[in-house]
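Take a look at the structure below.
Both backbone and side-chain heavy atoms feed into the values below; hydrogens, waters and symmetry mates do not.
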Amino acid sequence: MSEHDYWQVESSVYGGVGYAPATLEEYVVIAKALDDEAAGFAAIATAWESAALQLQSHRHSAPMCVTLQSGDPSAVVPGHVTAPYAALGNRCYDHATACQRLSDDLRGAADLLIRAHSLYSQAEMTARRMFTELLQAGTQAKPGYAAVGVAAVAAGGFLAGWTIDGKPNSAWMSTFTYPFQEGVLSGAGGIIGGVPIGKSIAHTDEVNKAAGKIANFSGPAKDVVQGNHLDVREVQANADVVRASGSVAESMENLRRLAEERLGKIELNSGLEYGTIAIQRYERSDGTNSWLVTIPGTDGQPDSPFGWAQNVELMSADQERRRKADSARMVAEAMRQAGIGKDEPVALIGHSQGGIVAATLASDWAEEYTIEHVVTAGSPVANHPIPQRTWVTSVEIDDELVAALDGAANPVTDNWLTVQGHVSPAPAATPSTVHSDGSCTPGATPITGLTPYDAAPVAGSTNGRELSHWIKYHQAAYQNATDLGSPAVQRHEAHFQEVINGELKETRYYQGRMTQSATIAPSERTTEFSTFGG
(Lines give C-alpha, C1' and ligand atoms only; values in the text may rest on other atoms or scores of the structure.)
Protein backbone atom coordinates (compact mmCIF):
# COMPACT_ATOMS: atom_id res chain seq x y z
CA MET A 1 0.00 0.00 0.00
CA SER A 2 1.27 3.46 -0.88
CA GLU A 3 1.64 6.07 1.81
CA HIS A 4 -1.04 7.98 -0.10
CA ASP A 5 -3.67 5.22 0.06
CA TYR A 6 -5.88 6.57 2.82
CA TRP A 7 -8.98 4.44 2.19
CA GLN A 8 -9.64 0.73 1.87
CA VAL A 9 -12.54 -1.39 0.63
CA GLU A 10 -13.93 -4.56 2.16
CA SER A 11 -16.12 -6.64 -0.16
CA SER A 12 -18.99 -9.06 0.19
CA VAL A 13 -20.14 -11.34 -2.61
CA TYR A 14 -23.75 -12.02 -3.61
CA GLY A 15 -24.97 -14.45 -6.25
CA GLY A 16 -22.92 -16.22 -8.87
CA VAL A 17 -22.35 -19.21 -6.60
CA GLY A 18 -23.20 -22.11 -8.84
CA TYR A 19 -23.10 -24.94 -6.30
CA ALA A 20 -25.74 -27.07 -4.63
CA PRO A 21 -27.64 -26.16 -1.42
CA ALA A 22 -26.07 -29.17 0.31
CA THR A 23 -22.62 -27.72 -0.32
CA LEU A 24 -23.70 -24.36 1.06
CA GLU A 25 -25.05 -26.10 4.14
CA GLU A 26 -21.69 -27.78 4.71
CA TYR A 27 -19.95 -24.40 4.59
CA VAL A 28 -22.52 -22.96 7.00
CA VAL A 29 -21.81 -25.79 9.47
CA ILE A 30 -18.07 -25.12 9.25
CA ALA A 31 -18.54 -21.36 9.70
CA LYS A 32 -20.78 -21.92 12.73
CA ALA A 33 -18.27 -24.35 14.25
CA LEU A 34 -15.49 -21.78 13.82
CA ASP A 35 -17.65 -19.10 15.39
CA ASP A 36 -18.57 -21.37 18.32
CA GLU A 37 -14.92 -22.16 18.94
CA ALA A 38 -14.13 -18.45 18.80
CA ALA A 39 -16.76 -17.80 21.46
CA GLY A 40 -15.27 -20.58 23.59
CA PHE A 41 -11.75 -19.15 23.45
CA ALA A 42 -13.14 -15.68 24.19
CA ALA A 43 -14.75 -17.09 27.33
CA ILE A 44 -11.46 -18.73 28.33
CA ALA A 45 -9.66 -15.41 27.79
CA THR A 46 -12.15 -13.73 30.11
CA ALA A 47 -11.59 -16.46 32.72
CA TRP A 48 -7.80 -15.94 32.62
CA GLU A 49 -8.27 -12.18 33.03
CA SER A 50 -10.56 -12.85 35.98
CA ALA A 51 -7.93 -15.15 37.54
CA ALA A 52 -5.29 -12.41 37.20
CA LEU A 53 -7.57 -9.92 38.94
CA GLN A 54 -8.30 -12.41 41.74
CA LEU A 55 -4.57 -13.01 42.28
CA GLN A 56 -3.98 -9.29 42.47
CA SER A 57 -6.76 -8.92 45.02
CA HIS A 58 -5.54 -11.92 47.04
CA ARG A 59 -1.98 -10.54 47.13
CA HIS A 60 -3.14 -7.47 49.01
CA SER A 61 -5.68 -9.10 51.29
CA ALA A 62 -4.31 -12.46 52.53
CA PRO A 63 -4.76 -12.10 56.36
CA MET A 64 -2.09 -14.64 57.39
CA CYS A 65 0.63 -13.48 55.01
CA VAL A 66 3.69 -12.33 57.03
CA THR A 67 4.93 -10.07 54.28
CA LEU A 68 1.57 -8.39 53.96
CA GLN A 69 1.47 -7.84 57.72
CA SER A 70 4.82 -6.11 57.43
CA GLY A 71 3.19 -3.58 55.15
CA ASP A 72 5.55 -4.28 52.27
CA PRO A 73 4.34 -7.01 49.84
CA SER A 74 7.82 -7.17 48.31
CA ALA A 75 9.63 -7.66 51.64
CA VAL A 76 11.58 -10.89 52.23
CA VAL A 77 10.95 -12.52 55.61
CA PRO A 78 13.35 -15.31 56.70
CA GLY A 79 11.66 -18.70 56.81
CA HIS A 80 8.68 -17.49 54.76
CA VAL A 81 8.15 -17.90 51.03
CA THR A 82 5.69 -15.55 49.28
CA ALA A 83 3.82 -16.78 46.24
CA PRO A 84 5.04 -14.99 43.04
CA TYR A 85 1.81 -13.06 42.60
CA ALA A 86 3.23 -10.72 39.97
CA ALA A 87 4.61 -13.55 37.83
CA LEU A 88 1.40 -15.55 38.18
CA GLY A 89 -0.69 -12.53 37.25
CA ASN A 90 1.44 -11.81 34.20
CA ARG A 91 1.18 -15.45 33.14
CA CYS A 92 -2.61 -15.27 33.41
CA TYR A 93 -2.67 -12.13 31.27
CA ASP A 94 -0.42 -13.82 28.71
CA HIS A 95 -2.83 -16.76 28.51
CA ALA A 96 -5.76 -14.36 28.22
CA THR A 97 -4.07 -12.50 25.35
CA ALA A 98 -3.22 -15.73 23.54
CA CYS A 99 -6.76 -17.06 23.89
CA GLN A 100 -8.26 -13.77 22.72
CA ARG A 101 -5.94 -13.71 19.72
CA LEU A 102 -6.96 -17.26 18.82
CA SER A 103 -10.61 -16.29 19.25
CA ASP A 104 -10.17 -13.33 16.91
CA ASP A 105 -8.42 -15.52 14.34
CA LEU A 106 -11.20 -18.13 14.42
CA ARG A 107 -13.91 -15.50 14.18
CA GLY A 108 -12.02 -13.85 11.32
CA ALA A 109 -11.79 -17.19 9.52
CA ALA A 110 -15.54 -17.66 9.94
CA ASP A 111 -16.18 -14.18 8.59
CA LEU A 112 -13.94 -14.77 5.56
CA LEU A 113 -15.69 -18.08 4.88
CA ILE A 114 -19.08 -16.37 5.05
CA ARG A 115 -18.00 -13.51 2.78
CA ALA A 116 -16.19 -15.70 0.27
CA HIS A 117 -19.00 -18.23 -0.11
CA SER A 118 -22.01 -15.89 0.24
CA LEU A 119 -23.35 -18.16 2.97
CA TYR A 120 -26.03 -15.83 4.26
CA SER A 121 -26.60 -13.81 1.10
CA GLN A 122 -30.18 -15.01 0.65
CA ALA A 123 -31.13 -14.04 4.20
CA GLU A 124 -29.33 -10.71 3.88
CA MET A 125 -31.02 -9.91 0.58
CA THR A 126 -34.42 -10.84 2.00
CA ALA A 127 -33.91 -8.55 4.99
CA ARG A 128 -32.65 -5.79 2.69
CA ARG A 129 -35.67 -6.18 0.42
CA MET A 130 -38.08 -5.97 3.36
CA PHE A 131 -36.36 -2.85 4.69
CA THR A 132 -36.42 -1.27 1.23
CA GLU A 133 -40.13 -2.06 0.80
CA LEU A 134 -40.97 -0.54 4.18
CA LEU A 135 -39.08 2.63 3.29
CA GLN A 136 -40.73 2.70 -0.11
CA ALA A 137 -44.22 2.38 1.35
CA GLY A 138 -43.45 5.05 3.93
CA THR A 139 -42.08 7.37 1.25
CA GLN A 140 -45.15 6.91 -0.92
CA ALA A 141 -47.50 7.41 2.02
CA LYS A 142 -45.66 10.36 3.56
CA PRO A 143 -43.27 11.80 0.96
CA GLY A 144 -42.80 15.02 2.92
CA TYR A 145 -41.68 13.21 6.06
CA ALA A 146 -39.36 10.99 4.03
CA ALA A 147 -37.75 13.98 2.33
CA VAL A 148 -37.24 15.78 5.64
CA GLY A 149 -35.85 12.65 7.28
CA VAL A 150 -33.31 11.95 4.54
CA ALA A 151 -32.37 15.63 4.41
CA ALA A 152 -31.78 15.62 8.17
CA VAL A 153 -29.54 12.54 7.94
CA ALA A 154 -27.65 14.07 5.01
CA ALA A 155 -27.18 17.33 6.93
CA GLY A 156 -25.93 15.40 9.94
CA GLY A 157 -23.46 13.57 7.72
CA PHE A 158 -22.28 16.84 6.22
CA LEU A 159 -21.64 18.34 9.65
CA ALA A 160 -19.97 15.17 10.94
CA GLY A 161 -17.76 15.07 7.86
CA TRP A 162 -16.87 18.73 8.35
CA THR A 163 -15.69 17.84 11.84
CA ILE A 164 -13.70 14.82 10.64
CA ASP A 165 -12.07 16.44 7.59
CA GLY A 166 -11.80 19.93 9.04
CA LYS A 167 -13.52 21.34 5.96
CA PRO A 168 -16.89 21.03 4.18
CA ASN A 169 -17.17 17.80 2.20
CA SER A 170 -20.46 16.77 0.61
CA ALA A 171 -19.24 13.19 0.07
CA TRP A 172 -20.12 12.43 3.70
CA MET A 173 -23.80 13.03 2.96
CA SER A 174 -23.96 9.91 0.81
CA THR A 175 -21.95 7.98 3.40
CA PHE A 176 -24.60 8.61 6.05
CA THR A 177 -27.70 8.17 3.88
CA TYR A 178 -26.78 4.99 2.00
CA PRO A 179 -28.95 2.61 4.09
CA PHE A 180 -32.03 4.59 3.03
CA GLN A 181 -31.20 5.37 -0.60
CA GLU A 182 -32.81 2.42 -2.37
CA GLY A 183 -36.02 2.56 -0.34
CA VAL A 184 -36.56 6.30 -0.67
CA LEU A 185 -35.65 6.31 -4.36
CA SER A 186 -38.01 3.43 -5.12
CA GLY A 187 -40.72 5.25 -3.16
CA ALA A 188 -40.17 8.40 -5.17
CA GLY A 189 -40.20 6.29 -8.31
CA GLY A 190 -43.49 4.75 -7.26
CA ILE A 191 -45.03 8.21 -6.85
CA ILE A 192 -43.79 9.48 -10.22
CA GLY A 193 -44.46 6.19 -12.01
CA GLY A 194 -47.95 5.85 -10.58
CA VAL A 195 -47.26 2.51 -8.89
CA PRO A 196 -49.77 1.86 -6.05
CA ILE A 197 -48.44 1.30 -2.54
CA GLY A 198 -47.92 -2.41 -1.94
CA LYS A 199 -47.74 -3.44 -5.59
CA SER A 200 -43.97 -3.21 -5.39
CA ILE A 201 -43.89 -6.39 -3.29
CA ALA A 202 -43.94 -8.31 -6.57
CA HIS A 203 -42.01 -5.74 -8.63
CA THR A 204 -38.86 -3.68 -8.20
CA ASP A 205 -38.91 -1.44 -11.27
CA GLU A 206 -40.66 1.63 -9.85
CA VAL A 207 -37.67 3.85 -10.59
CA ASN A 208 -37.52 2.57 -14.16
CA LYS A 209 -41.21 3.27 -14.71
CA ALA A 210 -40.66 6.77 -13.38
CA ALA A 211 -37.62 7.22 -15.61
CA GLY A 212 -39.74 6.29 -18.62
CA LYS A 213 -42.28 8.98 -17.79
CA ILE A 214 -39.59 11.58 -17.18
CA ALA A 215 -37.85 10.64 -20.44
CA ASN A 216 -41.04 11.47 -22.35
CA PHE A 217 -40.31 15.10 -21.47
CA SER A 218 -36.53 15.13 -20.97
CA GLY A 219 -35.87 13.36 -24.29
CA PRO A 220 -37.53 15.99 -26.51
CA ALA A 221 -36.04 18.77 -24.37
CA LYS A 222 -32.60 17.25 -24.85
CA ASP A 223 -33.17 17.10 -28.60
CA VAL A 224 -33.95 20.81 -28.67
CA VAL A 225 -30.83 21.75 -26.71
CA GLN A 226 -28.35 19.14 -27.92
CA GLY A 227 -29.78 17.95 -31.18
CA ASN A 228 -30.67 14.42 -32.21
CA HIS A 229 -28.28 13.83 -35.08
CA LEU A 230 -25.58 11.34 -34.05
CA ASP A 231 -22.26 11.10 -35.85
CA VAL A 232 -20.08 8.09 -35.00
CA ARG A 233 -16.58 7.92 -36.45
CA GLU A 234 -13.41 6.00 -35.81
CA VAL A 235 -10.58 8.07 -34.33
CA GLN A 236 -6.91 7.31 -33.94
CA ALA A 237 -5.01 7.29 -30.64
CA ASN A 238 -1.42 8.50 -30.32
CA ALA A 239 -0.79 6.33 -27.25
CA ASP A 240 -1.57 2.86 -25.96
CA VAL A 241 -4.59 3.70 -23.77
CA VAL A 242 -6.64 0.49 -23.74
CA ARG A 243 -4.16 -2.37 -23.68
CA ALA A 244 -4.45 -6.13 -24.03
CA SER A 245 -6.52 -7.69 -21.27
CA GLY A 246 -6.80 -11.17 -19.87
CA SER A 247 -8.96 -10.60 -16.79
CA VAL A 248 -11.71 -8.46 -15.28
CA ALA A 249 -9.16 -6.56 -13.19
CA GLU A 250 -7.05 -5.67 -16.24
CA SER A 251 -10.16 -4.63 -18.15
CA MET A 252 -11.22 -2.38 -15.25
CA GLU A 253 -7.79 -0.75 -15.32
CA ASN A 254 -8.18 -0.12 -19.04
CA LEU A 255 -11.62 1.34 -18.36
CA ARG A 256 -10.10 3.70 -15.82
CA ARG A 257 -7.34 4.74 -18.21
CA LEU A 258 -9.78 5.49 -21.03
CA ALA A 259 -12.21 7.32 -18.73
CA GLU A 260 -9.51 9.55 -17.29
CA GLU A 261 -7.60 10.09 -20.54
CA ARG A 262 -10.65 11.33 -22.48
CA LEU A 263 -11.26 13.91 -19.72
CA GLY A 264 -7.62 14.97 -19.54
CA LYS A 265 -6.96 13.56 -16.06
CA ILE A 266 -3.93 11.56 -17.18
CA GLU A 267 -1.33 12.76 -19.67
CA LEU A 268 -0.86 10.07 -22.27
CA ASN A 269 -1.23 12.65 -25.06
CA SER A 270 -3.35 10.14 -26.93
CA GLY A 271 -5.48 12.75 -28.65
CA LEU A 272 -8.66 10.97 -27.51
CA GLU A 273 -11.53 13.18 -26.39
CA TYR A 274 -14.85 12.78 -24.60
CA GLY A 275 -17.58 10.57 -26.04
CA THR A 276 -15.04 7.88 -26.93
CA ILE A 277 -15.23 4.11 -26.47
CA ALA A 278 -12.81 1.29 -27.32
CA ILE A 279 -13.48 -1.95 -29.22
CA GLN A 280 -10.92 -4.74 -29.21
CA ARG A 281 -10.76 -7.83 -31.39
CA TYR A 282 -9.17 -11.00 -30.03
CA GLU A 283 -8.30 -13.89 -32.33
CA ARG A 284 -8.72 -17.37 -30.88
CA SER A 285 -6.56 -20.40 -31.63
CA ASP A 286 -9.19 -21.70 -34.08
CA GLY A 287 -9.10 -18.44 -36.05
CA THR A 288 -12.45 -17.11 -34.82
CA ASN A 289 -12.92 -13.69 -33.23
CA SER A 290 -14.10 -12.51 -29.83
CA TRP A 291 -14.64 -8.90 -28.81
CA LEU A 292 -14.29 -6.63 -25.78
CA VAL A 293 -16.06 -3.26 -25.70
CA THR A 294 -14.92 -0.69 -23.10
CA ILE A 295 -17.47 2.03 -22.28
CA PRO A 296 -16.71 4.95 -19.91
CA GLY A 297 -19.43 6.85 -18.09
CA THR A 298 -21.11 10.24 -18.28
CA ASP A 299 -18.90 13.10 -19.42
CA GLY A 300 -21.64 15.76 -19.57
CA GLN A 301 -20.22 17.64 -22.55
CA PRO A 302 -22.71 19.72 -24.58
CA ASP A 303 -22.41 17.63 -27.76
CA SER A 304 -21.61 14.24 -26.23
CA PRO A 305 -23.97 11.25 -26.49
CA PHE A 306 -22.88 10.45 -22.92
CA GLY A 307 -24.69 13.42 -21.37
CA TRP A 308 -26.80 13.55 -18.24
CA ALA A 309 -30.17 13.28 -19.99
CA GLN A 310 -29.24 9.97 -21.61
CA ASN A 311 -29.07 8.31 -18.19
CA VAL A 312 -32.81 8.82 -17.74
CA GLU A 313 -33.61 7.19 -21.09
CA LEU A 314 -31.32 4.24 -20.38
CA MET A 315 -33.10 3.68 -17.06
CA SER A 316 -36.55 3.56 -18.68
CA ALA A 317 -38.69 0.45 -18.25
CA ASP A 318 -39.65 0.81 -21.91
CA GLN A 319 -37.40 -1.00 -24.39
CA GLU A 320 -38.07 1.40 -27.26
CA ARG A 321 -37.10 4.37 -25.11
CA ARG A 322 -33.89 2.64 -23.97
CA ARG A 323 -32.91 1.87 -27.57
CA LYS A 324 -33.32 5.54 -28.48
CA ALA A 325 -30.80 6.68 -25.85
CA ASP A 326 -27.92 8.36 -27.69
CA SER A 327 -25.15 6.57 -25.79
CA ALA A 328 -26.67 3.13 -26.42
CA ARG A 329 -27.18 3.65 -30.14
CA MET A 330 -23.70 5.21 -30.40
CA VAL A 331 -22.08 2.06 -28.98
CA ALA A 332 -24.30 -0.20 -31.08
CA GLU A 333 -23.30 1.70 -34.22
CA ALA A 334 -19.60 1.56 -33.28
CA MET A 335 -19.93 -2.21 -32.85
CA ARG A 336 -21.48 -2.42 -36.32
CA GLN A 337 -18.67 -0.37 -37.82
CA ALA A 338 -16.05 -2.51 -36.09
CA GLY A 339 -17.47 -5.52 -37.90
CA ILE A 340 -18.68 -7.56 -34.92
CA GLY A 341 -20.54 -10.56 -36.28
CA LYS A 342 -23.91 -11.68 -34.95
CA ASP A 343 -22.54 -15.01 -33.72
CA GLU A 344 -19.19 -13.77 -32.40
CA PRO A 345 -18.88 -13.67 -28.57
CA VAL A 346 -18.80 -10.20 -27.03
CA ALA A 347 -17.91 -8.96 -23.55
CA LEU A 348 -18.88 -5.46 -22.44
CA ILE A 349 -17.42 -3.48 -19.54
CA GLY A 350 -18.67 -0.08 -18.45
CA HIS A 351 -18.59 2.39 -15.58
CA SER A 352 -21.65 4.36 -14.44
CA GLN A 353 -23.60 5.28 -17.59
CA GLY A 354 -21.25 3.01 -19.52
CA GLY A 355 -22.45 0.09 -17.40
CA ILE A 356 -26.09 1.01 -18.03
CA VAL A 357 -25.32 1.10 -21.77
CA ALA A 358 -23.75 -2.36 -21.49
CA ALA A 359 -26.83 -3.71 -19.69
CA THR A 360 -29.10 -2.05 -22.27
CA LEU A 361 -27.21 -3.61 -25.18
CA ALA A 362 -27.35 -7.02 -23.50
CA SER A 363 -31.09 -6.55 -22.92
CA ASP A 364 -32.24 -4.90 -26.14
CA TRP A 365 -29.66 -5.89 -28.78
CA ALA A 366 -29.69 -9.59 -27.93
CA GLU A 367 -30.93 -10.43 -31.45
CA GLU A 368 -28.16 -8.46 -33.14
CA TYR A 369 -25.16 -9.52 -31.04
CA THR A 370 -24.04 -12.48 -28.92
CA ILE A 371 -23.26 -10.68 -25.68
CA GLU A 372 -21.93 -13.34 -23.33
CA HIS A 373 -20.59 -11.31 -20.38
CA VAL A 374 -21.29 -7.84 -19.00
CA VAL A 375 -19.16 -6.16 -16.32
CA THR A 376 -20.59 -3.04 -14.67
CA ALA A 377 -18.95 -0.71 -12.15
CA GLY A 378 -21.18 1.63 -10.17
CA SER A 379 -24.17 1.20 -12.49
CA PRO A 380 -27.88 0.94 -11.54
CA VAL A 381 -28.85 -2.08 -13.67
CA ALA A 382 -30.87 -4.29 -11.29
CA ASN A 383 -34.07 -4.04 -13.37
CA HIS A 384 -32.66 -4.39 -16.86
CA PRO A 385 -34.07 -7.52 -18.56
CA ILE A 386 -30.70 -9.08 -19.31
CA PRO A 387 -31.14 -12.60 -20.75
CA GLN A 388 -30.13 -15.46 -18.49
CA ARG A 389 -27.56 -16.66 -21.02
CA THR A 390 -25.58 -13.44 -20.47
CA TRP A 391 -23.33 -13.48 -17.41
CA VAL A 392 -23.26 -10.29 -15.34
CA THR A 393 -20.54 -9.18 -12.93
CA SER A 394 -21.58 -6.03 -11.07
CA VAL A 395 -19.23 -4.14 -8.76
CA GLU A 396 -20.85 -1.58 -6.48
CA ILE A 397 -19.91 0.49 -3.44
CA ASP A 398 -22.61 0.68 -0.79
CA ASP A 399 -22.53 4.46 -0.34
CA GLU A 400 -21.87 5.68 -3.90
CA LEU A 401 -25.59 6.59 -4.51
CA VAL A 402 -25.40 6.11 -8.30
CA ALA A 403 -25.61 2.31 -8.08
CA ALA A 404 -28.68 2.72 -5.82
CA LEU A 405 -30.59 4.82 -8.37
CA ASP A 406 -32.45 1.73 -9.57
CA GLY A 407 -34.07 1.47 -6.13
CA ALA A 408 -33.44 -2.27 -5.92
CA ALA A 409 -30.78 -4.86 -5.21
CA ASN A 410 -29.34 -6.85 -8.11
CA PRO A 411 -30.78 -10.31 -8.81
CA VAL A 412 -29.05 -13.15 -6.95
CA THR A 413 -28.61 -15.88 -9.53
CA ASP A 414 -25.90 -18.30 -10.68
CA ASN A 415 -25.00 -16.04 -13.61
CA TRP A 416 -25.37 -12.66 -11.90
CA LEU A 417 -22.62 -11.86 -9.41
CA THR A 418 -22.56 -8.69 -7.31
CA VAL A 419 -19.45 -7.55 -5.47
CA GLN A 420 -20.56 -5.08 -2.79
CA GLY A 421 -17.79 -2.93 -1.34
CA HIS A 422 -17.70 -0.99 1.91
CA VAL A 423 -15.23 1.88 2.31
CA SER A 424 -13.37 2.55 5.55
CA PRO A 425 -10.25 4.49 6.57
CA ALA A 426 -7.01 2.58 6.13
CA PRO A 427 -4.98 2.14 9.35
CA ALA A 428 -2.27 4.75 9.76
CA ALA A 429 1.35 3.78 9.27
CA THR A 430 3.64 3.37 12.28
CA PRO A 431 6.64 5.77 12.11
CA SER A 432 10.17 4.41 11.92
CA THR A 433 12.27 4.25 15.10
CA VAL A 434 15.88 5.48 15.21
CA HIS A 435 17.91 3.77 17.95
CA SER A 436 20.85 5.19 19.97
CA ASP A 437 23.36 3.15 17.97
CA GLY A 438 22.13 4.77 14.76
CA SER A 439 20.21 1.75 13.51
CA CYS A 440 16.67 2.14 12.31
CA THR A 441 13.62 -0.10 12.66
CA PRO A 442 11.33 0.56 9.68
CA GLY A 443 7.82 1.62 10.46
CA ALA A 444 4.91 -0.67 9.78
CA THR A 445 2.95 -0.25 6.59
CA PRO A 446 -0.54 1.25 6.80
CA ILE A 447 -2.01 -2.26 6.65
CA THR A 448 -0.11 -3.66 9.64
CA GLY A 449 -2.19 -6.43 11.18
CA LEU A 450 -4.29 -6.80 8.05
CA THR A 451 -4.15 -9.34 5.26
CA PRO A 452 -5.36 -8.78 1.70
CA TYR A 453 -8.46 -10.72 2.70
CA ASP A 454 -9.51 -8.05 5.20
CA ALA A 455 -9.59 -5.09 2.83
CA ALA A 456 -7.92 -3.77 -0.31
CA PRO A 457 -6.30 -0.33 -0.47
CA VAL A 458 -7.72 2.31 -2.80
CA ALA A 459 -4.78 3.38 -4.95
CA GLY A 460 -4.20 7.12 -4.98
CA SER A 461 -6.96 7.97 -2.51
CA THR A 462 -6.69 11.17 -0.48
CA ASN A 463 -6.89 11.75 3.26
CA GLY A 464 -10.34 13.34 2.96
CA ARG A 465 -13.55 11.46 2.21
CA GLU A 466 -14.01 11.05 -1.53
CA LEU A 467 -16.89 10.12 -3.76
CA SER A 468 -16.70 6.33 -3.87
CA HIS A 469 -18.20 6.37 -7.37
CA TRP A 470 -14.69 6.74 -8.81
CA ILE A 471 -13.52 3.63 -10.69
CA LYS A 472 -10.54 3.18 -8.36
CA TYR A 473 -12.94 2.24 -5.55
CA HIS A 474 -14.58 -0.43 -7.71
CA GLN A 475 -11.14 -1.74 -8.60
CA ALA A 476 -10.29 -2.09 -4.92
CA ALA A 477 -13.61 -3.82 -4.23
CA TYR A 478 -13.02 -6.37 -6.98
CA GLN A 479 -9.45 -6.91 -5.81
CA ASN A 480 -10.63 -7.69 -2.28
CA ALA A 481 -13.30 -10.07 -3.58
CA THR A 482 -10.60 -11.81 -5.63
CA ASP A 483 -8.27 -12.02 -2.63
CA LEU A 484 -11.04 -13.72 -0.64
CA GLY A 485 -10.79 -16.70 -2.96
CA SER A 486 -14.54 -16.63 -3.59
CA PRO A 487 -15.63 -19.54 -5.81
CA ALA A 488 -18.31 -17.28 -7.32
CA VAL A 489 -15.76 -14.65 -8.28
CA GLN A 490 -13.42 -17.31 -9.65
CA ARG A 491 -16.26 -18.79 -11.68
CA HIS A 492 -17.22 -15.47 -13.24
CA GLU A 493 -13.59 -14.52 -13.78
CA ALA A 494 -13.02 -17.78 -15.65
CA HIS A 495 -16.07 -17.17 -17.83
CA PHE A 496 -14.97 -13.62 -18.68
CA GLN A 497 -11.49 -14.84 -19.56
CA GLU A 498 -12.97 -17.57 -21.72
CA VAL A 499 -15.01 -15.01 -23.69
CA ILE A 500 -11.98 -12.86 -24.59
CA ASN A 501 -9.47 -15.70 -24.73
CA GLY A 502 -7.11 -15.13 -27.63
CA GLU A 503 -4.47 -12.81 -29.06
CA LEU A 504 -5.29 -9.11 -29.24
CA LYS A 505 -5.30 -8.18 -32.92
CA GLU A 506 -6.60 -4.62 -32.88
CA THR A 507 -7.87 -1.87 -30.61
CA ARG A 508 -10.10 0.69 -32.31
CA TYR A 509 -11.55 3.87 -30.83
CA TYR A 510 -14.89 5.40 -31.79
CA GLN A 511 -16.10 8.89 -31.00
CA GLY A 512 -19.69 10.12 -30.95
CA ARG A 513 -21.02 13.66 -31.36
CA MET A 514 -24.53 15.09 -31.17
CA THR A 515 -25.60 17.94 -33.47
CA GLN A 516 -28.77 19.60 -34.67
CA SER A 517 -28.00 18.46 -38.23
CA ALA A 518 -25.27 16.78 -40.27
CA THR A 519 -21.97 18.61 -39.76
CA ILE A 520 -19.57 16.56 -41.89
CA ALA A 521 -19.35 15.93 -45.58
CA PRO A 522 -21.41 12.99 -46.90
CA SER A 523 -18.22 11.28 -48.10
CA GLU A 524 -16.81 11.37 -44.57
CA ARG A 525 -19.99 10.62 -42.66
CA THR A 526 -20.05 7.27 -40.91
CA THR A 527 -23.66 7.15 -39.75
CA GLU A 528 -26.72 9.27 -39.34
CA PHE A 529 -29.59 8.79 -36.90
CA SER A 530 -31.71 11.86 -37.58
CA THR A 531 -34.88 9.76 -37.80
CA PHE A 532 -34.69 8.52 -34.18
CA GLY A 533 -36.39 10.13 -31.22
CA GLY A 534 -34.62 11.32 -28.07
* **Main-chain N/O of M315 paired to R321 side chain as donor or acceptor, under 3.5 Å** => no

* To do: Report the C-alpha separation of E133 and R129 in whole Å, then their side-chain angles, then the decisive distance to 0.1 Å, and conclude whether the salt bridge (Lys or Arg N to Asp or Glu O under 4.0 Å) test is met.
  => CA-CA 6 Å; E133 297 300 343; R129 176 75 188 276; 2.6 Å; yes

* **Donor-acceptor contact present, side-chain N415 to main-chain R389, <3.5 Å** => no

* Asked: Cut-off 3.5 Å, side chains only: do S245 and N254 have a donor facing an acceptor?
  -> no

* Report yes or no: do Q226 and Q310 form a side-chain donor-acceptor pair below 3.5 Å? => yes

* Could you pull out all residues at least two apart from E372 that satisfy side chain to side chain donor-acceptor pair (under 3.5 Å)? => none

* To do: Verify whether one side chain among Q353 and S327 offers a donor that lies under 3.5 Å from an acceptor in the other.
  => yes

* Structure fact -> The residue among R322, K324, R323 that forms salt bridge (charged side-chain N to carboxylate O under 4.0 Å, His left out) with E320 is K324

* Structure fact -> Contacts of F496 meeting ring-ring contact (aromatic ring centres under 6.0 Å, His included) (sequence neighbours excluded), chain-then-number -> H373

* To do: Please report the shortest heavy-atom distance between D406 and V381, naming the atom on each side.
  => OD2-N, 3.2 Å

Show which side-chain atoms of residues 180-196 pair as donor or acceptor with protein atoms under 3.5 Å away, not counting sequence neighbours.
unit_1, atom_1, unit_2, atom_2, d
Q181, NE2, S174, O, 3.4
Q181, NE2, S174, OG, 3.3
Q181, NE2, T177, OG1, 3.2
E182, OE1, R128, NE, 3.3
E182, OE1, R128, NH2, 3.2
E182, OE2, R128, NH2, 2.4
S186, OG, Q136, OE1, 3.2
S186, OG, E182, O, 3.0
S186, OG, G183, O, 2.9

* Which value, rounded to the nearest 0.5 Å, describes the distance between D398 atom CG and H422 atom NE2? -> 6.0 Å

* Asked: Does K472 offer a backbone N or O that forms a donor-acceptor pair with the side chain of R256 under 3.5 Å?
  -> no

